[in-house]
Asker: 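Got a structure here, written out as structure tokens. Questions coming.
Note that the structure is predicted; figures quoted are calculated from it, not measured.
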Amino acid sequence: MGAVFQSLNRTVIAGLVLLVIIIVLVGATTGSWWIRGDHAWGAFFMRWLHILSGVMWIGLLWYFNFVQTPSMPKIPDEQKPAISKVITPEALFWFRWAALSTVVTGLLLAMMNAYLAPALMLSAGVRPIGIGMWLALIMAYNVWFIIWPNQKKALGIVVVEAAEKAKAARMAMLTSRFNTMASIPMLFCMAAQSHGGF
């Protein structure tokens, strides 16, 4: 079992295998199979992918804002390059692609359930999810077009003068903090739509 947990790929594959085992066992014992070829199951599966992506995206957003950024002043200067040259670029890779995956799966889910246009227009009945969608779209825009370009400068991936590097680091931090703030009402609105929060 230890070999499974020593590799992230094997751990993820094991998680998927465990999911299949659970589906088979529940289906075999209840006679109710979870995997079907109908629209409802397809929409459920897309929702699962959307939640999975969103957990990765917001989890990394909160990691940056609640753990990494506040911890940086406590890290000795000689150890900081390990964070800025190894950990942060890797985390930013997963962060931006999780943001894109969350948006794409969310839009596909809204299309599959025929509420994409009404939600984006903030129509009655889908207003909470619409507000959540707009917040998520703004946040994803920030990730790809403000945070990432500025982080590339701040981390030295794109070489710039020291003053521009400091300015870029501040802009990335402030935009990331904006996204952290926006994530709170966004998550509330997403949950409120189907769970009566409004």
Asker: Determine the minimum heavy-atom distance between Ala182 and Leu135, stating which atoms define it.
Answerer: O-CD1, 4.2 Å

Asker: Does His50 reach the main-chain N or O of Gly106 with its side chain, forming a donor-acceptor pair under 3.5 Å?
Answerer: yes

Asker: Short question: side chain of Thr11, backbone of Ser7 - any donor-acceptor pair under 3.5 Å?
Answerer: yes

Asker: Please report the interatomic distance CG(Asn65) to CD1(Ile58), rounded to the nearest 0.5 Å.
Answerer: 10.5 Å

Asker: Evaluate the side-chain proximity of Trp134 to Leu122: yes if any heavy-atom separation is below 4.5 Å, no if none is.
Answerer: yes

Asker: Does any N or O in the side chain of Ser101 come within less than 3.5 Å of the main-chain N or O of Trp97, such that one atom is a donor and the other an acceptor?
Answerer: no

Asker: Side-chain contact, heavy-atom cut-off 4.5 Å: Met186 with Met190?
Answerer: yes

Asker: Using a 3.5 Å distance criterion without hydrogens, assess whether the side chain of Ser84 forms a donor-acceptor pair with backbone atoms of Leu155.
Answerer: no

Asker: Out of curiosity, Ile147 CD1 to Lys152 NZ, how far, rounded to the nearest 0.5 Å?
Answerer: 13.5 Å

Asker: Look at the rings of Phe45 and Trp48 and say which category their plane angle falls in: under 30° parallel, 30 to 60° tilted, over 60° perpendicular.
Answerer: tilted

Asker: Under 4.5 Å between side-chain heavy atoms, counting indirect links through other Ile/Leu/Val/Met/Phe/Trp/Tyr residues: same cluster for Leu187 and Met181 or not?
Answerer: no

Asker: Are Ile157 and Met72 linked, directly or through other ILVMFWY residues, by side chains that come within less than 4.5 angstrom of each other?
Answerer: yes

Asker: Do Trp62 and Val67 have side chains that approach each other closer than 4.5 Å (heavy atoms only, starting at C-beta)?
Answerer: no

Asker: Are Leu18 and Val26 grouped together when hydrophobic residues (ILVMFWY) are joined by side-chain heavy atoms under 4.5 angstrom apart?
Answerer: yes

Asker: Taking atom CZ as the centre, does Arg96 end up with more than 12 heavy-atom neighbours from other residues, nucleotides or ligands that are less than 6.0 angstrom away?
Answerer: yes

Asker: Under the side-chain contact (heavy atoms from CB on, under 4.5 Å) criterion, do Ile13 and Val17 qualify, and how do the steps go?
Answerer: CA-CA 6 Å; Ile13 290 168; Val17 168; 4.3 Å; yes

Asker: What do you reckon, is CD of Glu78 surrounded by more than 12 foreign heavy atoms closer than 6.0 Å?
Answerer: yes

Asker: Looking at Ala168 and Lys153, what are the two nearest heavy atoms and their distance?
Answerer: CB-CB, 3.6 Å

Asker: At what distance, to the nearest 0.5 angstrom, does OG1 of Thr88 lie from CD of Gln68?
Answerer: 3.5 Å

Asker: If you compare all heavy atoms of Ala43 against all heavy atoms of Met112, which two are closest, and at what distance to 0.1 Å?
Answerer: N-CE, 3.5 Å

Asker: So do the side chains of Leu107 and Met133 get within less than 4.5 Å of each other, counting heavy atoms only?
Answerer: yes

Asker: Determine yes or no for a side-chain-to-main-chain donor-acceptor pair under 3.5 angstrom, with Thr180 supplying the side chain and Ser176 the backbone.
Answerer: yes

Asker: From Trp144 CH2 over to Phe95 CZ, what is the distance, rounded to the nearest 0.5 angstrom?
Answerer: 11.0 Å

Asker: In Å and rounded to the nearest 0.5 Å, what is the CG to CG distance from Asn142 to Leu61?
Answerer: 10.5 Å

Asker: According to a 4.5 Å side-chain heavy-atom criterion applied to Ile, Leu, Val, Met, Phe, Trp and Tyr, with indirect links allowed, do Leu92 and Val160 form part of one hydrophobic cluster?
Answerer: no

Asker: So, for Arg127 and Gln193, which heavy atoms are closest and what is the spacing to 0.1 Å?
Answerer: N-OE1, 4.1 Å

Asker: Does Thr175 use its side chain to pair, donor to acceptor, with the backbone of Ala172 at less than 3.5 Å?
Answerer: no

Asker: Find out whether Leu60 and Met56 are in side-chain contact, i.e. whether some heavy atom of one side chain is under 4.5 Å from a heavy atom of the other.
Answerer: yes

Asker: One pair to check against side-chain contact (heavy atoms from CB on, under 4.5 Å): Trp148 and Val143. What are the steps and the verdict?
Answerer: CA-CA 6 Å; Trp148 176 233; Val143 167; 5.5 Å; no

Asker: Would you name the heavy atoms of Lys85 and Pro89 that are closest together and state the gap between them?
Answerer: O-CG, 3.7 Å

Asker: Check for me, please, whether Ile75 and Ile87 land in the same ILVMFWY cluster - side-chain distances under 4.5 Å, paths through other members count.
Answerer: yes

Asker: Dump the intermediate steps for side-chain contact (heavy atoms from CB on, under 4.5 Å) on Arg170 and Met173, then the final yes or no.
Answerer: CA-CA 5 Å; Arg170 179 162 172 72; Met173 186 272 295; 4.0 Å; yes

Asker: Would Leu109 and Tyr115 satisfy side-chain contact (heavy atoms from CB on, under 4.5 Å), going step by step from the backbone distance to the final call?
Answerer: CA-CA 9 Å; Leu109 178 63; Tyr115 63 80; 4.0 Å; yes

Asker: How close do Ala136 and Val103 get, heavy atom to heavy atom, and via which atoms?
Answerer: O-CG2, 4.3 Å

Asker: How many angstroms lie between CD1 in Ile131 and SG in Cys189, if you round to the nearest 0.5 Å?
Answerer: 5.0 Å

Asker: Taking Thr105 for its side chain and Met46 for its backbone only, find out whether a donor-acceptor pair lies under 3.5 Å.
Answerer: no

